[in-house]
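Within every chain, numbering begins at 1; the chains are lettered A, B, ... in the order of the sequence lines, protein sequences first and strands thereafter.
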Amino acid sequence: VRCQLSPPQRALQASAVLRRVSDEQNKEPLASSSQQQFESHPTDHQPGQEPQGPRPSYTGQGGQESEDYESEEQLQHRILTAALEFVPEHGWTAEAIAEGAKTLGLSPAAAGMFHSDGSELILHFVSQCNTKLAELLEQEQKQVQLGEAEKKPTDQFLRDAVEARLRMLIPYIEKWPQALSILLLPHNIPSSLSLLTSMIDDIWHYAGDQSTD
Amino acid sequence: AAAGLCPCRAVLARRGGALRPLCGSRRGLAAGPETHFGFQTVTEAERREKIYQVFESVAKKYDVMNDSMTLGIHRIWKDILVHKMNPSPGTLLLDVAGGTGDIAFRFINYVRSVRERQLQRRLRHHQNLSWQEISESYQEDKSKSLGDSQVVVCDINKEMLKVGKQKAQHLGYSEGLSWVLGNAEELPFDDDKFDVYTIAFGIRNVTRIDLALEEAYRVLKPGGRFLCLEFSHVSNPLLSRLYDLYSFQVIPVLGEVIAGDWKSYQYLVESIRRFPPQEELKAMIEDAGFFKVDYQNLNSGIVAIHSGFKL
């Protein structure tokens, strides 16, 4: 195991263990003692799952590793992303986050890192959707620049952008009213409002608005 | 000749004298470095022994004394701890220094009510099933009223565990509860076993807090949570004065009147003053390897809840 606990930046044990597990998968099947320690909890999933999303240079067959550790924030993002698939069943709650943590091989107690009303999960989802929208609009703009597509008139463009953004809600549409009500709680309004305004800025930017405000 | 003998004797006497302090320090080394017991200075072994005796003698009156000293507020502190934990059914909890079971019982109650709510929600979705399917689901749910949650109460003191077991019987807690005799500095459990580790008003009595924190890190699963409820330091000067007055004048007297034991409660009050303050404990928890370490002051610092995650 190549993780080093250097004083300024400590490797997160969970990511180290996940890396060890995926190493064992990629190389010869080593003794499964570390996996057995996970087995202690009956409802834990098999730890032999690859962490969500591609992570570069895990096998360390040669050359450098790009990252020796991940920060707490990145781990939190991964937990929240994993939790999204449980939202239709559990709603935007700490339970969904606990289930998400379980799929990453962590104890469900890790959901305690987040606020118990599920607001961080919703904000994470919203910012993910906004990022996807921005990428979509960026691609469209490239296509227009390359001459592959026609430049749309402004109102059509806006309509399409808003429609695309709304369609991202479809998988979660049953629990979306709950999400909106949580986003309107006073302590959440600053973050949700800022996400909203930056999304609007993005849409207008790609619609061709050159103003600086 | 006499002059010849004398230097020998002198040498012998000196060697004898040299040996004696050596014996003393060896005894000291075996007993361990110096530490504190309340405001006294003792060796580590002596401290462990004294603390064991303190709890042995107060065990039977522990709960009564807690109520009278804190005017019942300790119940609210413990409620807040379990609320903060927000355990879901299926959680495995290790409650260290949990002697009389206060945290364990609250955990069981909490998990039971969460489970009931879960079952109710599931029933609402079952409204289009046949009668047979519904009754089958009742059966399987009934056997899991705790949803596989378990709490292991670990304490170093047999008397405290005895009182705890009696309380459990009296209050009707049977399933999901285990009682283990063990030392927080050297837990009799395997690595990566528990979802949550709590120590409520216990870490103050541990002689080597760093060892206890390392053990906590060891037995927790990745993603597991460390929670510590403990008396801490009050920063508000006015409140601090009142608190000191109450602690040193009232509490030992209560101890004598109710439990017949002035000294144990004198120790208790002094040990609170000797315990590291919030930030220092937070640093110690981070040193043990925990991430996202934070603390929450209750009653302006009279009590603090420290939380950390094994990531």
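Heavy atoms of B/Asn86 lying under 4.5 Å from chain A belong exclusively to its side chain. A/Ala94 touches chain B through its side chain: at least one heavy atom from C-beta onward sits under 4.5 Å away, while N, CA, C and O do not. Contacts between A/Gln76 and chain B at a heavy-atom distance below 4.5 Å involve the side chain alone, from C-beta outward. Using a 4.5 Å cut-off between heavy atoms, B/Gln118 contacts chain A through its side chain alone, with no backbone atom that close.
Salt-bridge check for B/Arg204 with B/Glu230: passed, with a basic side-chain N closer than 4.0 Å to an acidic carboxylate O.
Using bins of under 30°, 30° to 60° and over 60° for the plane-to-plane angle, the ring pair A/His124/A/His77 lands in the tilted bin. Relative ring orientation between B/Phe226 and B/Tyr197 is described as parallel, the plane-to-plane angle staying below 30° on a 0-90° scale split at 30° and 60°.
Ring pair B/Phe231/B/Phe201: centre-to-centre distance below 6.0 Å.
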